[in-house]
Structure formats: structure tokens, C-alpha cells
A.B. asks: 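Have a look at this one before I ask anything.
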Amino acid sequence: VFLGRCLEEEGAPPYRPWVQILRDLLGTRTPTSFDPTLDASLEAALLTLIGVDADRAERAPQTPATRFALFDAVVRVLAGAARERPLLLLLEDLHRADPSSLRLLHHVVAEIPSLPLMILGTFRDASRDASPELMRTLEELQPAGTRWPLAGLSLGEVGTLARLLGGSEPPAPLPFALHERTGGNPLFVEEIT
């Protein structure tokens, strides 16, 4: 399982969730350890992406051809790693993803349908928080993926969570107030409790 998070704050670098995944996936290995047929330029593009050569990354122009080469290198590394063992890539908070990360997601999904690889993306309610780029990407990926909308916790579940977090039975109005204030979002319930 490899995790990449999109930042809630402005100013996150492009490809941030993918950089996190690739850094963890590669660890001390090189991209060619997963795909020995990667040539030096593709390996250099990947190493630049994950920050091994930051100076080069800032001055390298990204044309459609270089972007495709980079995307292809990412797919080849993921495919090689998935052949070694099944992978789950978790992309969190896609409603905050930059357009480059979404384009790479689209490319990866299109290129690796038959591998033991699952990509799970999380995002907030599309009607309020999702960017038009995310909604377009999700629409384009619909035939390849499944959406599982998650509702908040029920009033009873909020009360149970508050009891577990607080170590005792909460006062009667607390679960109701927590549920109303958080919409049942477990993270918010935990933070407020």
C-alpha cells in the first residue's frame, strides 16, 4: 500500500501525491530495478520528478512529448512493481489535486488495466469542493472505475465514537450537537471531541 496526499493548502508542487508514492515505492531502489528496459532519459525524468535532481526539474521545460515520456516512465515503474507483488495506491483528497496529478492519474488508469494494481482515490462531496478538472477526470475514468459514496456516521455512531474517544458516556446533548456540527464526518467528530 502506497499513499499520496494532496495538500489542502495552496501552493503544493505539481504531482505531489505521485511523488510521495514513487519515493516510497522506490525507496533505495532505482526505477530500472522495476523495469530494466527504461532508458537513461526516462530514468532521469523520474528521478527529477521525485526530487533527486531538483535543479534540473526547475529548468526543464515540459512539452507534451516530455510529459508523455514522464507518464510512460511512471507507468512502467508501477507495472514492474505490480508484477513483483499486488499494489494499492491510495490518493487522498483528490478534490485538491493539481491538474498535472489528475492528468497522470488518467494516464496510469488507462495504461494498466490488467495488472494487479488498484488505485483508490478519496475526495469530498463533488458538488461543493471538487474542481472542474477532477470532475472531468472522474467522468472520463468512469468506465474503468467504481464510485463508492460514503455518508457520514449516523447519530448513534457519532455517540458511540464520542464515548470511545472520551472514555465515558457523553452527556445526552453532545452526540446530537456533534452530529449536527460535523455531518457525521469521523475526523471532525474526533477533533471536536
Side-chain angles (χ1 to χ4, degrees), residues 1-25 27 49-51 74 78 81-82 85-110 112-113 115-193:
V1 176
F2 296 94
L3 172 65
R5 282 193 174 101
C6 301
L7 286 178
E8 291 289 326
E9 300 85 31
E10 297 295 324
Y15 305 113
R16 183 177 192 276
W18 292 101
V19 167
Q20 291 175 314
I21 287 170
L22 290 168
R23 281 184 181 156
D24 288 345
L25 178 67
L49 174 68
I50 63 172
V74 170
L78 292 174
R85 63 180 186 207
L87 299 177
L88 171 62
L89 307 182
L90 178 57
L91 298 168
E92 290 235 21
D93 297 324
L94 283 174
H95 57 279
R96 297 296 299 173
D98 63 282
S100 298
S101 293
L102 294 173
R103 282 193 296 271
L104 180 52
L105 171 63
H106 189 277
H107 186 85
V108 168
V109 169
I112 55 172
L115 291 171
L117 173 86
M118 176 184 264
I119 299 174
L120 179 62
T122 66
F123 60 94
R124 288 195 193 138
D125 183 344
S127 65
R128 294 181 308 185
D129 297 317
S131 68
E133 292 89 0
L134 174 60
M135 296 314 299
R136 186 171 42 256
T137 301
L138 293 173
E139 187 175 302
E140 291 168 357
L141 294 177
Q142 190 59 41
T146 302
R147 283 194 201 174
W148 295 308
L150 301 177
L153 300 175
S154 69
L155 176 59
E157 292 166 332
V158 167
T160 300
L161 182 56
R163 180 177 46 77
L164 293 171
L165 291 169
S168 64
E169 196 64 41
L174 183 62
F176 179 77
L178 280 171
H179 188 264
E180 188 174 90
R181 180 103 187 243
T182 65
N185 182 316
L187 174 67
F188 299 157
V189 171
E190 183 178 352
E191 292 296 315
I192 292 174
T193 300

A.B. asks: Atom CZ in Arg103, atom CG in Asp98: separation rounded to 0.5 Å?
C.D. replies: 8.0 Å
A.B. asks: For the atom pair CG (Leu102) and NE2 (His107), what is the distance rounded to the nearest 0.5 Å?
C.D. replies: 14.5 Å
A.B. asks: With a 4.5 Å cut-off on side-chain heavy atoms, are Leu89 and Leu78 touching?
C.D. replies: yes
A.B. asks: Could you pull out the closest heavy-atom pair between Ser101 and Pro14, with the gap in Å?
C.D. replies: OG-C, 4.5 Å
A.B. asks: Got a second to check how far Leu164's CG is from Glu190's CD, nearest 0.5 Å?
C.D. replies: 11.0 Å
A.B. asks: Any side-chain heavy-atom pair from Leu22 and Tyr15 closer than 4.5 angstrom?
C.D. replies: no
A.B. asks: Output all residues satisfying side chain to side chain contact (heavy atoms under 4.5 Å, CB included) with Pro173, sequence neighbours left out; order by chain, then residue number.
C.D. replies: Pro171
A.B. asks: Using the test side chain to side chain contact (heavy atoms under 4.5 Å, CB included), find all partners of Arg136 that sit at least two apart in sequence or belong to another chain.
C.D. replies: Glu133, Glu140
A.B. asks: Testing the basics here: between Gln20 and Leu3, what is the closest heavy-atom pair and its distance to 0.1 Å?
C.D. replies: CB-O, 3.8 Å
A.B. asks: Quick one, His106 and Leu141 - any side-chain contact, counting heavy atoms below 4.5 Å?
C.D. replies: yes
A.B. asks: Would you compute the distance between atom CG of Leu120 and atom CG of Leu91 and round it to the nearest 0.5 angstrom?
C.D. replies: 8.5 Å
A.B. asks: Roughly how far, to the nearest 0.5 Å, is the CG atom of Leu25 from the CZ atom of Arg23?
C.D. replies: 13.0 Å
A.B. asks: Taking atom CZ of Arg5 and atom CG of Leu90, what is their separation to the nearest 0.5 Å?
C.D. replies: 8.0 Å
A.B. asks: Considering all heavy atoms of both residues, which atom of Ile21 and which atom of Gly4 are nearest to each other, and what is their separation?
C.D. replies: CG1-N, 3.7 Å
A.B. asks: Give a yes or no on whether the backbone of Pro170 and the side-chain of Arg163 come within a donor-acceptor separation of less than 3.5 Å.
C.D. replies: no
A.B. asks: Could I get the full list of side chain to side chain donor-acceptor pair (under 3.5 Å) partners for Thr193, not counting sequence neighbours?
C.D. replies: none
A.B. asks: In sequence, state the C-alpha distance, the side-chain angles, and the governing distance for Leu161 and Leu178, and then conclude on side chain to side chain contact (heavy atoms under 4.5 Å, CB included).
C.D. replies: CA-CA 10 Å; Leu161 182 56; Leu178 280 171; over 6 Å; no
A.B. asks: Considering non-hydrogen atoms only, spot the tightest contact between Ile192 and Arg181 and give its length.
C.D. replies: CD1-CG, 3.8 Å
A.B. asks: Considering all heavy atoms of both residues, which atom of Trp18 and which atom of Leu105 are nearest to each other, and what is their separation?
C.D. replies: CZ2-CA, 3.6 Å
A.B. asks: So, does His179 use its side chain to make a donor-acceptor pair with the main chain of Gly159 at under 3.5 Å?
C.D. replies: no
A.B. asks: Could you check Thr182 against Asn185 for side-chain hydrogen bond (donor to acceptor under 3.5 Å, both in side chains), going step by step and ending with a plain yes or no?
C.D. replies: CA-CA 6 Å; Thr182 65; Asn185 182 316; over 6 Å; no
A.B. asks: Val158 and Pro175: which non-hydrogen atoms are nearest, and at how many Å?
C.D. replies: CG1-O, 3.7 Å
